[in-house]
Protein chains: 2
Amino acid sequence: MVLGNQVEWAIHCCSVLSGLGVGERVSTKTLAEFHGVPKEYLSKALQQLAQAEIIDGTLGPKGGYRLNKPADQISFLDIVEAIEGRKTTFQCTEIRANNPCIKGEKMKGICGVAQVMYRADEAWRDELRRVTLVDLQKTLKKNVSADLLQRSGEWLSRD
Amino acid sequence: MVLGNQVEWAIHCCSVLSGLGVGERVSTKTLAEFHGVPKEYLSKALQQLAQAEIIDGTLGPKGGYRLNKPADQISFLDIVEAIEGRKTTFQCTEIRANNPCIKGEKMKGICGVAQVMYRADEAWRDELRRVTLVDLQKTLKKNVSADLLQRSGEWLSRD
DNA sequence: GGTATTTTACTCGGATAGTCTATGTCCGAGTGAGTCTGG
DNA sequence: CCAGACTCACTCGGACATAGACTATCCGAGTAAAATACC
């Protein structure tokens, strides 16, 4: 049970976009080169983010992506769900219904096993819901040298 | 990102084993029929549980599995980790090291993105760690008719 | 100079392909409780 | 009646098959900014 790389890429891309000036956009190509990942495949992830209205892309030259809402209104969960979908990590197959001792007897409530797993799932989601791109930006500023941040910013808006 | 069916099966099997009398064992075949899942494949999951020393199997006729420790010392997390391994759900590929602006500069600390994901992962684990087979047994007794529980017990110890 | 056309640099989205994992099947080897056999 | 051999039901674990998901790659269509051509 492992999250795909696209999730990691998507979050890093959103992080980059959240550091942009007003009116600025970054193209898929630039994002791909900056992160060292295949352009075409990254594009799929960005499309999904766009479909979830987290980012917004424009066509043509000078086109590219930017955030579609304020960075403090975009949580990690939003991004993860945009890429991975909203399925729970545990899928109950109602195994208990196969019990040969049950005849017509109807089962009440949800399966006890599923209940526990769903609760854990919800704890995971809660944690991701609490963190926004602004929080990420703050820890970045704390852990990365101002010099590197500036050089990266210039690299991204070069051409 | 979805947990495999084996996790569900494993927990249900442990639940059954935790309801057993002293000295009793249940065979893979019986467990498979009881849950309506393929015997050979379920066997793989049970082997992993045995390797993690959660259950204990004996060979020969009258052989089968039983819990290897008291039910209140077996958490959902133990079972999940026995089946799925101990990998975190998020795998950091150190994408930030691909930044073309970094030259020799060494990165300090763990990636801010990974940090958040790991925290969510830990919340998930905490929740699973808190629930044991005894807790599961309690909710079962609350939600399932005593009649069905008894019939199931008899079915499991039949020959 | 202003308008129309072309070029160019992007995104969008469908088609395809390889690899990996989850799922499931098959079978031979090992084990040990119960059964059988020979004295 | 008892010891040793045998049988059978079970676990163990490796090999194999299949389906779906993940990770890509390629390309044609659409779009819009910029460059060019034309009047």
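Note: hydrogens, waters and symmetry copies are ignored here, and every other heavy atom, side chains too, is used. First the proteins, then the strands, lettered A, B, ... as listed; each starts at 1. Treat the numbers as computed from the prediction; the structure is a model and nothing was measured.
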Practice task
Could you list by number each residue of residues 90-101 of chain B showing a heavy-atom separation from DNA chain D of less than 4.0 Å, or answer none if no residue does?
Solution key: none

Practice task
Only counting residues at least two apart or in another chain, list the ones meeting side chain to side chain donor-acceptor pair (under 3.5 Å) with A:Arg125.
Solution key: A:Glu81, A:Asp121

N/O contacts under 3.5 Å, protein versus nucleotides 22-24 of chain C?
{"residue": "C:dT23", "atom": "OP1", "partner": "B:Asn5", "partner atom": "N", "Å": "3.1"}
{"residue": "C:dT23", "atom": "OP2", "partner": "B:Asn5", "partner atom": "N", "Å": "3.4"}

Handout entry: Separation of atom CZ in B:Arg25 from atom P in C:dT31, rounded to whole Å
Key = 16 Å

Handout entry: Euclidean distance, atom CZ of residue A:Arg66 to atom C1' of C:dC10 [Å, nearest integer]
Key = 16 Å

Handout entry: side chain to side chain donor-acceptor pair (under 3.5 Å) involving A:Glu24 - partner list, sequence neighbours excluded
Key = none

Handout entry: Sequence neighbours excluded - ring-ring contact (aromatic ring centres under 6.0 Å, His included) pairs with any residue from residues 39-61 of chain A
Key = A:Trp9-A:Tyr41

What side-chain donor-acceptor pairs closer than 3.5 Å can you find for residues 42-55 of chain A, not counting sequence neighbours?
{"residue": "A:Ser43", "atom": "OG", "partner": "A:Gln47", "partner atom": "NE2", "Å": "3.2"}

Practice task
Determine which pairs satisfy salt bridge (Lys or Arg N to Asp or Glu O under 4.0 Å) with at least one residue from residues 87-98 of chain B, sequence neighbours left out, and list them in order.
Solution key: B:Glu94-B:Arg96

Fill in the blank from the handout: Taken to the nearest whole Å, CD/A:Gln48 to P/D:dA21 is 14 Å

Handout entry: Pairs where residues 27-43 of chain B contributes a residue and the test salt bridge (Lys or Arg N to Asp or Glu O under 4.0 Å) is met, not counting sequence neighbours
Key = B:Glu33-B:Arg158

Handout entry: Atom-pair distance (CG on A:Leu17; P on C:dT11), nearest Å
Key = 12 Å

Can you check nucleotides 7-11 of chain D for protein contacts, nitrogen or oxygen pairs under 3.5 Å, and list what you find?
{"residue": "D:dT11", "atom": "OP1", "partner": "B:Thr28", "partner atom": "N", "Å": "2.5"}
{"residue": "D:dT11", "atom": "OP1", "partner": "B:Thr28", "partner atom": "OG1", "Å": "2.9"}

Problem - Separation of A:Ile83 CD1 from A:Ile11 CD1 (nearest 0.5 Å) - result: 9.0 Å

Completion exercise
Sequence neighbours excluded, the answer for side chain to side chain donor-acceptor pair (under 3.5 Å) partners of A:Asp78 is A:Ser75

Practice task
Name all residues meeting the side-chain contact (heavy atoms from CB on, under 4.5 Å) criterion together with A:Val116; count only those two or more places apart in sequence or in a different chain, and write none if there are none.
Solution key: A:Arg119, B:Phe76, B:Leu128, B:Val131

Exercise for the section: Return the set of residues passing side chain to side chain donor-acceptor pair (under 3.5 Å) with A:Gln115 (not counting sequence neighbours), or none when no residue passes. Expected result: none

